[in-house]
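Single-structure report; data block below.
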Amino acid sequence: MLKTLPQLLQQAKQNVQLLTAKQAALDISQNNGLLIDVRESAEHLSAPAIGAINIPRGVLEMKILEIVKDPERPIYLHCASSLRATLAAEQLARIGYTKVSVITCKIDEVLKMHQY
């Protein structure tokens, strides 16, 4: 049976940690976490999130091992709606990263994270 995108998202949400931008900013300041923007490059360039590196969802699995060698390093993912970030978090967990979180707020809140 084929699964719809909402079904995949619902399943993925059961296996990932979900955070607000405020909580993510606090955590990152305390644990040297890495903020990753999984939006496409053009989206990131038009409204960059301060402190985030851009690794589009489509190439995340290919690039992440070059950037994050420690599977225990906290990783915080965001996108415009949290859909891509949630699916990306599930993939990172499959690779072996153990501390992956999804920022579940609107993109505007992520863009202002440095203000918290």
Side-chain angles (χ1 to χ4, degrees):
M1 180 173 136
L2 297 175
K3 292 184 180 180
T4 65
L5 189 54
Q7 289 171 323
L8 286 173
L9 187 60
Q10 183 62 32
Q11 182 180 354
K13 281 185 177 181
Q14 295 174 14
N15 301 315
V16 299
Q17 180 176 357
L18 307 173
L19 298 174
T20 65
K22 187 174 185 176
Q23 184 61 51
L26 179 63
D27 288 359
I28 290 168
S29 72
Q30 295 175 349
N31 66 16
N32 191 35
L34 179 64
L35 176 60
I36 300 176
D37 181 347
V38 297
R39 296 177 295 158
E40 293 301 315
S41 296
E43 293 174 278
H44 176 74
L45 288 173
S46 69
I50 305 300
I53 63 168
N54 178 231
I55 308 174
R57 167 72 188 98
V59 296
L60 182 64
E61 295 87 350
M62 293 179 276
K63 301 278 186 179
I64 193 69
L65 293 170
E66 298 170 14
I67 297 167
V68 182
K69 307 255 188 248
D70 179 2
E72 298 292 318
R73 183 171 184 194
I75 299 172
Y76 300 85
L77 303 173
H78 89 86
C79 65
S81 67
S82 78
L83 179 118
R84 288 174 281 184
T86 300
L87 296 174
E90 186 178 49
Q91 284 301 102
L92 292 183
R94 286 183 187 163
I95 291 172
Y97 292 98
T98 60
K99 296 179 180 176
V100 181
S101 300
V102 173
I103 301 170
T104 61
C105 57
K106 294 181 182 178
I107 192 66
D108 292 347
E109 292 178 48
V110 175
L111 298 176
K112 296 186 285 187
M113 275 179 62
H114 68 286
Q115 297 175 359
Y116 290 112

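Every value quoted in this text rests on a predicted model; they were computed, and no experiment measured them.
- In terms of heavy atoms, Ile75 sits closest to Tyr97 at CD1-CD2, 3.8 Å.
- Nearest approach of Gln7 to Thr4, heavy atoms of both residues: OE1-N, 2.7 Å.
- With a 4.5 Å cut-off on side-chain heavy atoms, Glu61 and Arg94 do not count as touching.
- Side-chain atoms of Arg39 come within 3.5 Å of backbone N or O of Ala47 as a donor-acceptor pair.
- Looking at heavy atoms from C-beta onward, Leu34 lies in side-chain contact with Ile67 at the 4.5 angstrom threshold.
- The closest donor-acceptor contact from the side chain of Glu43 to the backbone of Glu40 lies under 3.5 Å.
- Side-chain contact between Val38 and Leu87 is absent, with no heavy atoms from C-beta onward closer than 4.5 Å.
- Here the straight-line distance linking atom CG of Asn54 with atom CG of Asp37 works out to 5.0 Å at 0.5 Å rounding.
- Closest of all the heavy-atom pairs between Ala89 and Val102 is CB-CG2, 3.5 Å.
- Without hydrogens or angle criteria, Ser41 side chain to Pro56 main chain gives no donor-acceptor distance under 3.5 Å.
- The shortest heavy-atom contact between Leu77 and Ala85 is CD1-O, 3.6 Å.
- To the nearest 0.5 angstrom, His44 atom NE2 is 7.5 Å from His78 atom NE2.
- To the nearest 0.5 Å, atom CG of residue Leu18 and atom OG1 of residue Thr86 are 6.0 Å apart.
- Arg73 places none of its side-chain heavy atoms less than 4.5 Å from the side chain of Lys99.
- Contact record, Tyr76 with Gly33: CE1-CA, 3.8 Å, taken as the closest heavy-atom pair.
- Listed here is the closest heavy atom pair of Ser82 and Cys79: N-SG, 3.1 Å.
- Going from atom CD1 of Ile55 over to atom CD of Glu66 covers 9.0 Å, rounded to the nearest 0.5 Å.
- Ile53 and Ile103 are assigned to two separate hydrophobic clusters, defined by single-linkage of ILVMFWY side chains at heavy-atom distances under 4.5 Å.
- Residues Ile36 and Met62 share a single hydrophobic cluster, defined by chaining ILVMFWY side chains whose heavy atoms lie under 4.5 Å apart.
- To the nearest 0.5 Å, the span separating CG on Leu35 from CG on Asp27 amounts to 12.0 Å.
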